[in-house]
**Q** 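Shown below is the structure under consideration.
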Amino acid sequence: MVSSTDCPVCGVAASQACTRCKMVRYCDREHQKQHWPQHKRSCRPFSEEQDPQLGRYLMVTQDIAAGQIVFIEEPLVVGPKWYLSDADKEASIVPCVGCATPCRLGKHQCRRCRWPVCSSGCEHEALECSVLSLGAGTPARADARSLNDYFRSDALLVLKCLLLQRQSPAKWAALLEMQSHEEERRGTELHVEAEKRVVSYLQQRFLGRLKKTKPNLLQDCGPELLHRLCGIIETNFMVIELPTGVELSGLFRQACMMEHACQPNCDFQFDPITQQISVRAGCNLRKGDHLRITYTNILWGTHLRQHHLRLTKHFSCRCSRCLDPTEYGTYISALACLGDVNKTCAGTHLPVDPLDENTQWKCDTCPMLVDGAYVSELQTHMTEQVDSLMAGCPSANQVELLLARLSQILHPNHFHTFNLKHTLIQLYGNETGLELGGLSSGQLERKLRLCDELYNVCRRLDPHSIKLAIYVTVILIEIAHTREEQARRAPGEGSSFLELAQARLKEAEVVLEKELESVAGKKLYDQLQKEIFECEKQMLTLTYNQKRDVGQK
């Protein structure tokens with residue numbers, strides 16, 4: 001939307017700006033009221049800006065309170081998940097091609113194109129269906145991997161984009177304005193994978209036949225355009241989780257302009273019925289702030305986040321966290337000083353240049369330097385150990401043993417130790433043989449200490465719980481459990497311990513508000529309500545017993 005100094009109702013020069021978006025001016029309040037039904041869908045408290053390094057981004061034009069909806073936007077395209085894991089490629093339950101409802105492969109098929117649907121009556125977009133119906137018959141083998149390889153959902157997302165040139169020229173033009181990083185992608189692993197899984201697949205199965213049967217249906221469906229669309233998706237797609245747990249990918253003209261940062265200030269929700277995205281302020285925003293979301297895992301260290309962004313989004317992040325070797329004082333990437341042959345050191349190794357993956361790592365206490373290649377090799381080895389352990393159902397003892405080994409090399413807050421500790425606080429008190437009532441006082445204190453360490457890391461990395469609400473809620477619940485157990489063991493101090501537990505549970509209730517639309521959030525919220533009820537019941541019981549004891553005396 002372009003700012004104008006003329007009243008849109010009467011066309012005369014106007015000075016009274018819309019108080020929300022500041023982009024439209026009116027000659028008087030009457031004309032503003034008259035124009036509001038038309039203007040309200042495009043009214044925005046931000047502006048689109050351009051920067052040589054950032055590209056296009058969105059800047060706040062007025063103060064916005066935490067939780068306020070910044071804008072609501074309809075998608076250019078919403079479709080299947082873009083990056084498929086090995087588990088996705090072997091899954092027997094997949095999203096319906098029509099409505100994205102989970103359905104079993106091979107049970108129901110669209111009557112025309114034979115792609116998987118949730119029921120025989122479910123239909124999907126007619127043009128898309130007609131193109132997919134050009135494919136050959138279903139595969140001879142009926143196992144899940146063969147069917148998933150035949151019905152490639154990531155390729156379907158590209159096809160949905162391609163068909164916009166026929167279905168909606170305006171959306172097609174907006175899609176092509178998005179950054180694709182074609183040159184950077186060329187020759188990369190992602191480009192090769194896109195050629196094999198998407199471009200060749202669409203050309204050979206559907207588009208080659210489309211050219212012969214309906215040569216004028218699409219103006220362009222060549223391989224270069226398909227690769228461009230793959231690049232646009234890779235660079236701009238937003239992950240959308242439905243209440244069913246199904247993950248989709250969405251492309252939005254304005255939402256995809258939001259700047260990446262490793263400490264975001266916005267979050268978003270997706271309405272599966274209207275397919276609109278609602279972007280909310282995750283904290284209080286001030287005029288001039290950039291709207292920021294994150295495209296990576298904020299519990300990863302800087303080098304891992306940078307690698308992921310360069311690989312999948314083709315840019316390096318230069319946010320304040322990435323530029324800080326300590327990452328806001330969390331030391332979540334830091335190593336314990338390895339010392340040298342003759343000495344030990346209690347210092348911490350940090351990257352000299354956090355943005356350079358080959359940088360040396362320097363101790364903050366002694367002169368010891370470590371090569372980046374050695375650190376990368378060390379990180380890879382530790383990742384394999386942690387992933388291997390966490391792939392199963394580890395016991396508290398197994399987690400403790402690995403944590404003890406890694407703690408000799410890693411800072412106590414390193415993201416690998418964070419992961420192990422977050423698992424450990426849930427095992428202590430819940431694992432068979434380690435129920436709360438059977439834990440020693442020392443084990444209770446250790447659990448509480450671990451919870452406090454994890455909580456402090458989360459608060460530094462994500463002070464408004466925009467991305468870590470689930471993690472923080474689990475930590476707060478485990479703190480409350482520990483305080484409740486302390487109350488049972490020390491009746492004289494029971495009320496103070498229970499008050500601490502109740503405060504943590506109430507804090508968790510506020511934190512979890514951001515996740516109530518997600519599957520994990522809903523499940524955790526139900527558990528949290530039970531925890532709050534049990535804590536209040538315990539407080540009432542304690543109060544009753546105290547009054548009874550006083551009466552007996």
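As a basis for the values below, the full set of heavy atoms in this structure was taken, side chains included, without hydrogen atoms, waters or symmetry mates. Here, residue 1 is the first one in the sequence, and each next residue gets the next number.
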**Q** If I compare all heavy atoms of Leu248 with all of Pro80, which pair ends up nearest, and what's the gap?
**A**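 So the minimum-distance heavy-atom pair works out to CD2-CA, 4.2 Å.
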**Q** Quick one: does any side-chain atom of Ser278 pair with a main-chain N or O of Phe268 as donor and acceptor, under 3.5 Å?
**A**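 No; judged by distance alone, with no hydrogens or angles, the pair does not exist.
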**Q** Taking Thr302's backbone N and O only, do any of them form a donor-acceptor pair with Ser333's side chain (distance below 3.5 Å, no angle check)?
**A**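 Yes, because the side chain of Ser333 sits within donor-acceptor range (under 3.5 Å) of the backbone of Thr302.
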**Q** Counting only N and O atoms by type, is there a donor-acceptor contact under 3.5 Å from the side chain of Thr383 to the main-chain atoms of Gln379?
**A**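 Yes, Thr383 side chain to Gln379 backbone: donor-acceptor pair under 3.5 Å.
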**Q** Looking at Glu73 and Arg253, would you say the former's side chain and the latter's main chain have a donor-acceptor pair under 3.5 Å?
**A**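 Answer holds: yes.
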**Q** Side chain of Asn265, backbone of His290: donor and acceptor closer than 3.5 Å?
**A**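 Yes: the side chain of Asn265 pairs with the backbone of His290.
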**Q** Could you give all pairs that pass the ring pair (Phe, Tyr, Trp, His ring centres under 6.0 Å) test and reach residues 159-201, with sequence neighbours left out?
**A**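 Every pair satisfying ring pair (Phe, Tyr, Trp, His ring centres under 6.0 Å) with a residue in residues 159-201: His181-His314, His191-His227, Tyr201-Phe206.
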**Q** Does any non-hydrogen side-chain atom of Val246 lie less than 4.5 Å from one of Val94?
**A**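 No - every pair of side-chain heavy atoms lies 4.5 Å or more apart.
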**Q** side-chain hydrogen bond (donor to acceptor under 3.5 Å, both in side chains), that's the test. Do Arg321 and Gln263 meet it? Break it down for me.
**A** CA-CA 7 Å; Arg321 176 183 170 188; Gln263 189 177 87; over 6 Å; no
**Q** With sequence neighbours excluded, tell me which residues meet side chain to side chain donor-acceptor pair (under 3.5 Å) with Tyr455.
**A**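 Listed in chain order: Arg459, Glu507.
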**Q** Is the Phe71 ring parallel, tilted or perpendicular to the Phe46 ring (thresholds 30°, 60°)?
**A**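 The rings of Phe71 and Phe46 sit tilted, inter-plane angle from 30° to 60°.
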**Q** For residues 99-136, which residue pairs qualify under ring pair (Phe, Tyr, Trp, His ring centres under 6.0 Å), counting only residues two or more places apart or in two chains?
**A**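 Checked against ring pair (Phe, Tyr, Trp, His ring centres under 6.0 Å) - neighbours excluded - the pairs reaching residues 99-136 are Trp115-Phe151.
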**Q** Do Tyr57 and Met258 have side-chain heavy atoms sitting under 4.5 Å apart?
**A**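 They are not in contact (no side-chain heavy atoms under 4.5 Å apart), so the answer is no.
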**Q** With the threshold set at 4.0 Å, does a side-chain nitrogen-carboxylate oxygen contact exist between Glu453 and Lys421?
**A**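 Result for this pair is yes, salt bridge flagged.
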**Q** Any donor and acceptor pair, going by atom type alone, linking the side chain of Gln276 with main-chain N or O of Gln269 inside 3.5 Å?
**A**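 No; zero donor-acceptor contacts below 3.5 Å.
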**Q** Considering residues, nucleotides and ligands other than Tyr471, do more than 12 of their heavy atoms fall under 6.0 Å from its OH?
**A**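 No - once you tally the heavy atoms of other residues, nucleotides and ligands closer than 6.0 Å, there are 12 at most.
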**Q** Quick one: salt bridge (Lys or Arg N to Asp or Glu O under 4.0 Å) pairs with a partner in residues 155-179, sequence neighbours left out?
**A**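 Applying salt bridge (Lys or Arg N to Asp or Glu O under 4.0 Å) to every pair that reaches into residues 155-179, excluding sequence neighbours, yields Arg56-Glu177, Glu128-Lys160.
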**Q** Tell me whether Glu183 is salt-bridged to Arg186, with the criterion being a basic N under 4.0 Å from an acidic carboxylate O.
**A**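 The answer is yes: the pair qualifies as a salt bridge.
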**Q** Provide the full list of salt bridge (Lys or Arg N to Asp or Glu O under 4.0 Å) pairs with a residue in residues 299-310, sequence neighbours left out, each pair given once.
**A**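 Salt bridge (Lys or Arg N to Asp or Glu O under 4.0 Å) check on residues 299-310 returns Arg305-Glu327, Arg310-Glu357.
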**Q** Can you find a side-chain donor-acceptor pair between Ser200 and Glu195 that sits under 3.5 Å?
**A**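 A pair is found: one side chain offers a donor N or O, the other an acceptor, under 3.5 Å apart.
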**Q** Tell me which one of Lys313, Arg318, Arg292 satisfies salt bridge (charged side-chain N to carboxylate O under 4.0 Å, His left out) with Glu259.
**A**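 So the option named by the test is Arg292.
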**Q** Going from SG on Cys451 to CD1 on Ile425, what distance comes out if it is rounded to the nearest 0.5 angstrom?
**A**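 The SG atom of Cys451 sits 4.0 Å away from the CD1 atom of Ile425.
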**Q** Is a side-chain donor-acceptor pair under 3.5 Å present for Ser146 with Asp149?
**A**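 Looking only at side-chain atoms, Ser146 and Asp149 do not form any donor-acceptor pair under 3.5 Å.
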**Q** Do Thr473 side-chain atoms and Ala469 backbone N/O form a donor-acceptor pair below 3.5 Å?
**A**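 Yes.
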**Q** So do Met178 and Phe237 actually touch side chain to side chain, heavy atoms under 4.5 Å?
**A**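 No, every pair of side-chain atoms sits at 4.5 Å or beyond.
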**Q** Taking the side chain as every heavy atom from C-beta outward, state whether Leu84 and Ser153 have any pair of such atoms under 4.5 Å apart.
**A**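 Yes, their side chains come closer than 4.5 Å.
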**Q** Apply salt bridge (charged side-chain N to carboxylate O under 4.0 Å, His left out) to Asp289 and list each qualifying residue two or more places apart in sequence or on a separate chain.
**A**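 Asp289 satisfies salt bridge (charged side-chain N to carboxylate O under 4.0 Å, His left out) with no other residue.
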**Q** Does Asn419 offer a backbone N or O that forms a donor-acceptor pair with the side chain of Thr423 under 3.5 Å?
**A**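 Yes, Thr423 side chain to Asn419 backbone: donor-acceptor pair under 3.5 Å.
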**Q** Which atom pair, heavy atoms only, marks the closest approach of Ile64 to Ala281?
**A**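 Smallest heavy-atom distance, with atoms named: CG2-CB, 3.9 Å.
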**Q** Hey, mind stepping through Ser465 and Asp462 against side-chain hydrogen bond (donor to acceptor under 3.5 Å, both in side chains) and telling me if it holds?
**A** CA-CA 5 Å; Ser465 297; Asp462 187 16; 5.2 Å; no
**Q** I'd like to check the salt bridge (charged side-chain N to carboxylate O under 4.0 Å, His left out) partners of Arg111; sequence neighbours left out, ordered by chain and number.
**A**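 Glu123.
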**Q** Considering non-hydrogen atoms only, spot the tightest contact between Ala144 and Ala91 and give its length.
**A**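 Here Ala144 and Ala91 meet closest at CB-O, 3.7 Å.
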**Q** Could you tell me which residues satisfy side-chain contact (heavy atoms from CB on, under 4.5 Å) with Ala65, sequence neighbours excluded, listed by chain and number?
**A**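 In terms of side-chain contact (heavy atoms from CB on, under 4.5 Å), with neighbours along the sequence ignored, Ala65 is linked to Gln68, Asn284.
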**Q** What about His260 and Phe315, are their ring centers closer than 6.0 Å?
**A**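 So the answer is yes for these two rings.
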**Q** With heavy-atom distances below 4.5 Å as the criterion, would you say the side chains of Leu132 and Leu159 are in contact?
**A**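 Counting from C-beta outward, Leu132 and Leu159 do come under 4.5 Å.
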**Q** Taking all non-hydrogen atoms of both residues into account, name the closest pair between Cys317 and Leu309 and its distance.
**A**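 The answer is CB-CD1, 3.8 Å.
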**Q** With rounding to the nearest 0.5 angstrom, report the CD1 to CZ distance, Ile332 to Phe415.
**A**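 Separation between the atoms: 8.0 Å.
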**Q** If I compare all heavy atoms of Cys322 with all of Gln306, which pair ends up nearest, and what's the gap?
**A**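 Smallest interatomic distance, heavy atoms only, reads SG-NE2, 3.5 Å.
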**Q** Relative to each other, are the rings of His39 and His35 parallel, tilted or perpendicular (30° and 60° limits)?
**A**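 It falls in the parallel class, under 30°.
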**Q** Could you check if a side-chain atom of Lys287 sits within less than 4.5 angstrom of a side-chain atom of Thr61, using non-hydrogen atoms only?
**A**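 When only atoms from C-beta onward are counted, Thr61 and Lys287 do not touch, as no gap falls below 4.5 Å.
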**Q** Test of understanding: with salt bridge (charged side-chain N to carboxylate O under 4.0 Å, His left out), list the residues that count as partners of Asp267, not counting sequence neighbours.
**A**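 Once residues adjacent in sequence are excluded, the partners of Asp267 under the salt bridge (charged side-chain N to carboxylate O under 4.0 Å, His left out) criterion are Arg280.
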**Q** Taking only distance into account, with no hydrogens and no angle test, what donor-acceptor pairs under 3.5 Å do side-chain atoms of residues 217-226 form with protein atoms, sequence neighbours excluded?
**A**
from, atom 1, to, atom 2, distance (Å)
Asp220, OD1, Gly222, N, 2.9

**Q** Could you give me the CA-CA distance, side-chain angles and deciding distance for Tyr328 and Ser320, then say whether side-chain hydrogen bond (donor to acceptor under 3.5 Å, both in side chains) is met?
**A** CA-CA 9 Å; Tyr328 302 143; Ser320 57; 2.5 Å; yes
**Q** Would you list the pairs meeting salt bridge (Lys or Arg N to Asp or Glu O under 4.0 Å) in which at least one residue belongs to residues 516-533, sequence neighbours left out?
**A**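 Residue pairs passing salt bridge (Lys or Arg N to Asp or Glu O under 4.0 Å), neighbours aside: none found.
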**Q** Would you indicate whether the side-chain heavy atoms of Met238 and Phe270 approach each other to under 4.5 Å?
**A**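 No, too far: nothing below the 4.5 Å cut-off.
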**Q** Return yes if a side-chain donor-acceptor contact under 3.5 Å exists between Gln254 and Glu48, otherwise no.
**A**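 Yes - a donor-acceptor pair under 3.5 Å links their side chains.
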**Q** Report the C-alpha distance between Val158 and Cys230 in whole Å, list the side-chain angles of each, state the deciding distance to 0.1 Å, and finish with yes or no for side chain to side chain contact (heavy atoms under 4.5 Å, CB included).
**A** CA-CA 7 Å; Val158 176; Cys230 288; 4.0 Å; yes
**Q** Under a 3.5 Å distance rule, please check whether Arg228 uses its side chain to pair with a backbone N or O of Leu176 as donor and acceptor.
**A**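 Answer holds: yes.
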**Q** With the side chain counted from C-beta on, respond yes when Arg112 and Ser130 share a heavy-atom pair under 4.5 Å apart, and no when they do not.
**A**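 Of all side-chain heavy-atom pairs linking Ser130 with Arg112, at least one is under 4.5 Å.
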**Q** Taking only residues two or more places apart in sequence or in another chain, which ones pass salt bridge (charged side-chain N to carboxylate O under 4.0 Å, His left out) with Glu189?
**A**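 Salt bridge (charged side-chain N to carboxylate O under 4.0 Å, His left out) list for Glu189, sorted by chain: empty.
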**Q** Measure from the side-chain N and O atoms of His414 to the backbone N and O of His416, and report whether any donor-acceptor pair falls under 3.5 Å.
**A**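 Checked: pair present.
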